[in-house]
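Counting convention: from 1, in listed order, for ligands and their atoms alike. Bear in mind that the values here come from a model prediction, so they are computed numbers and not experimental data.
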Amino acid sequence: MKKYDVLVIGGGLVGCASAYHLAKRGASVLLAEKNDINSMASGQNAGSLHFQLEHRLMEQGDALTEKFSRIIPLNRLAAEQWANLEEELGESVDVIMKGGFMVAMTNDEVTLLKKKYALEHNYGMDTQLLTAAEARQIAPYLSKKIKAAAYFPQEGHANPRLVTPAYARAAIKKGVRVQSHCEVFQLNKTAHTWRASLKIDHTNHREDIEVDMILNAAGAWAGHCALLAGIHLPVSPQALTMSVTESAPAFMPHLVQRAGAKLSMKQVSAGNILIGGGWPSLFKLKQGRPDLAQRPVIIKENVVQNLLLAAELAPAVEQLHLLRCWTGIVGVIDDQLPLLGEVPSFPGYYVATGGSGFTLAPAYAKLISELMITGRTDHDISLYNPGRFGHLNRSVKAV
Ligand SMILES: Cc1cc2nc3c(=O)[nH]c(=O)nc-3n(C[C@H](O)[C@H](O)[C@H](O)COP(=O)(O)OP(=O)(O)OC[C@H]3O[C@@H](n4cnc5c(N)ncnc54)[C@H](O)[C@@H]3O)c2cc1C
């Protein structure tokens, strides 16, 4: 039986970036991906690098907004990682960090921005609060109807089709065995190690390996993969929608979000405007349950609402034809915070998932590899400890 230090489950951005960092720290790693590398959320998303507190973290009342603001140091670490990523990977992945706006269109949203500004400054994040005139001076494409905006100079976007494969290539160069079409279907704890059974190429060809540690980086499937080890993690799959317009001459160099509504947009280097912000799509069902193997179905009304918000905020967008809409599946943790760390009572079983997983993946990868190899991290990650869901679990017995 082959032996590795670490089995990484999932070949999305979190898995590939973590495998790279683990190998950089000297670990022998097998990364198993049941489909193609980057074929799920990491290749389907909006590519926003948003470090300001998002709408979804501010819509549940002051107490929870305050709790969620404790994520800001992680956002700042992620911003540093993205700023150096192309140099680290040795190739371009279309990282553009020319700043991001969170725009208020109503008085309530102005109040929200002021609260957000105060919380972010508590954690040393130098967001700027701008009047409508100041914002429009930097971003003349914004509507004359805006009331105010928060601006963070390091926000931006990157190309989801490029980032994960670049990490996978970098991981391979460091000696990682990256195995696509390889499903992890069984996990057993032995006295000091884990045994994993892998199904290769959707055939009956099976490979068993032994590893010291497991990293569950299976995104929306993280709950299912945890069950393979007898662990319960509250990860709920959520189906989301994206739209893209035809290409236009460059006019929107920033990431643009709305303070009180589901909207994010940016113009990519080819000139198209990518519009999203978390509008749901609909799961197909299989035997009465969401079928995660199939693309969710677009809800037309949601696309229309999303596009109306975009055109209201940046009127030039209204003139552009819609080219394509698509859907993707993301894993959301019940309390909205990331899951990052070792699962208590399950020594050697680690998880990294949840939150704004594209923005935060480079930070997750750096931190989880540090924790797995050295047993500690420079950055406090106790807020994300899977142990907060310890009540769902029991100890695993060695076989
Ligand atoms: C439409 C959409 C827009 C989004 N926009 C943004 C955004 O703008 N900014 C942002 O920060 N985040 C965004 N997100 C969220 C972000 O895409 C995800 O959080 C992130 O990509 C998660 O990466 P991951 O590697 O954890 O998961 P994934 O990319 O989903 O990878 C998990 C992988 O695990 C594999 N897997 C599952 N089970 C097994 C198994 N048993 N064996 C082997 N492999 C297995 C799956 O096949 C999958 O490839 C968006 C998500 C969606 C869907």
Side-chain angles (χ1 to χ4, degrees), residues 7-19 30-51 54 56 75 78 82 100 155-160 163-164 167-168 178-187 196-200 214-229 235 237-244 255 257 262-266 274-281 292-293 295-296 298 306 325-333 338-340 351-365 368:
L7 167 66
V8 175
I9 309 177
L13 182 52
V14 175
C16 290
S18 302
L30 166 61
L31 179 146
E33 163 53 54
K34 80 174 164 189
N35 299 299
D36 286 315
I37 297 296
N38 203 34
S39 55
M40 296 297 157
S42 299
Q44 299 163 339
N45 66 60
S48 305
L49 305 179
H50 41 71
F51 307 115
E54 301 162 67
R56 84 185 159 89
N75 290 359
W82 280 102
E155 282 190 323
H157 48 96
N159 189 333
V163 183
T164 304
Y167 261 120
V178 173
Q179 185 80 53
S180 55
H181 299 279
C182 172
E183 178 179 354
V184 179
F185 73 96
Q186 205 172 312
L187 294 174
S197 300
L198 316 174
K199 202 187 292 173
I200 315 271
I214 291 171
L215 174 61
N216 178 344
W221 295 264
H224 174 79
C225 286
L227 278 176
L228 297 179
V235 182
Q238 198 180 333
L240 298 179
T241 315
M242 285 299 309
S243 299
V244 64
L255 170 67
Q257 299 182 83
K262 291 179 195 289
L263 175 69
S264 77
M265 63 180 156
K266 82 271 308 172
L274 231 60
I275 301 170
W279 285 86
S281 51
L292 304 192
R295 284 274 183 135
I298 286 166
N306 197 185
C325 297
W326 70 94
T327 60
I329 302 175
V330 63
V332 179
I333 313 306
L339 270 178
L340 191 65
V351 60
T353 193
S356 297
F358 186 73
T359 303
L360 296 175
Y364 291 170
I368 202 75

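For ligand 1, the atoms sitting less than 4.0 Å from at least one non-hydrogen atom of Gly10 are 33 (C), 34 (O), 35 (C), 44 (N), numbered in the order shown with element in parentheses. Annotation for ligand 1: atoms under 4.0 Å from non-hydrogen atoms of Ala217 are 32 (C). Near Gly328, meaning under 4.0 Å from any of its heavy atoms, are these atoms of ligand 1: 53 (C).
Contacts between His224 and ligand 1, counted as non-hydrogen atom pairs separated by less than 4.0 Å, are absent for every part of the residue. Only backbone heavy atoms of Ala32 (N, CA, C or O) come within less than 4.0 Å of ligand 1; its side chain stays farther off.
Residues Leu215 and Leu7 fail the side-chain proximity criterion, which asks for heavy atoms closer than 4.5 Å. Contact of the Ile37 side chain with the Leu31 side chain is registered, since non-hydrogen atoms from C-beta on lie closer than 4.5 Å. A heavy-atom distance below 4.5 Å is not found between the side chains of Leu49 and Leu255.
Considering backbone and side-chain N/O atoms, Val184 comes within less than 3.5 Å of an N/O atom of ligand 1. At a 3.5 angstrom cut-off on N or O pairs, Glu33 counts as close to ligand 1. Distances between N or O atoms of Ile329 and those of ligand 1 include no value under 3.5 Å. The distance criterion of under 3.5 Å between nitrogen or oxygen atoms is met by Leu13 with respect to ligand 1. Taking only nitrogen or oxygen atoms, main chain and side chain alike, Val14 reaches within less than 3.5 Å of ligand 1. In terms of polar-atom proximity, Asn35 is counted as a contact of ligand 1, with an N or O under 3.5 Å from an N or O of the ligand. For ligand 1, the polar-atom distance check finds an N/O of Phe358 within less than 3.5 Å of one of the ligand's N/O atoms. Taking any N or O of Lys34, backbone or side chain, at least one lies under 3.5 Å from an N or O belonging to ligand 1. Considering both main-chain and side-chain atoms, Asp36 never comes within under 3.5 Å of ligand 1 through any nitrogen or oxygen pair. Note: no N/O pair closer than 3.5 Å links Gln44 and ligand 1 by distance alone.
Protein heavy atom at the shortest distance from atom 15 (C) of ligand 1 is Val330 CG2, 3.7 Å. Remark: minimum distance from atom 27 (O) of ligand 1 to any protein heavy atom is reached at Gly219 CA, 3.6 Å. At the shortest separation from atom 9 (N) of ligand 1 among protein heavy atoms lies Ser48 O, 3.1 Å. Of all protein heavy atoms, the one lying nearest to atom 37 (C) of ligand 1 is Trp221 CB, 3.4 Å. At the shortest separation from atom 22 (C) of ligand 1 among protein heavy atoms lies Ser42 OG, 4.0 Å. Ranking protein heavy atoms by distance to atom 6 (C) of ligand 1, first place goes to Asn45 CB, 3.7 Å. Atom 52 (C) of ligand 1 has its closest protein heavy atom at Leu240 CD1, 3.9 Å.
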Identify each donor-acceptor pair in which a side-chain atom of residues 40-48 lies under 3.5 Å from a protein atom, sequence neighbours left out, and give them as a table.
unit_1, atom_1, unit_2, atom_2, d
Ser42, OG, Leu13, N, 2.7
Gln44, OE1, Ala41, N, 3.4
Gln44, NE2, Ser39, O, 3.4
Asn45, OD1, Gly47, N, 2.7
Asn45, ND2, Ala41, O, 3.1
Asn45, ND2, Ser42, O, 3.2
Ser48, OG, Lys266, NZ, 2.7

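Within the structure, ligand 1 has Cys225 among the residues with a heavy atom less than 4.0 angstrom away. In this structure, Ala361 falls outside the shell of residues with a heavy atom less than 4.0 angstrom from ligand 1. Using a 4.0 Å cutoff on heavy atoms, Ala239 does not count as a contact of ligand 1. Not a single heavy atom of Gln238 sits under 4.0 Å from any atom of ligand 1. Under a 4.0 Å heavy-atom criterion, Ala220 is not in contact with ligand 1.
A donor-acceptor contact shorter than 3.5 Å links the side chain of Tyr364 to the backbone of Gly354. Side-chain N or O atoms of Ser281 include one that pairs as donor or acceptor with a backbone N or O of Leu240 at under 3.5 Å. A distance-only check finds a donor-acceptor pair linking the side chain of Glu155 to the backbone of Phe51 [under 3.5 Å].
With atom 5 (N) of ligand 1 as the reference point, the heavy atom nearest to it among Gly11, Ser264, Ala46 is part of Ala46.
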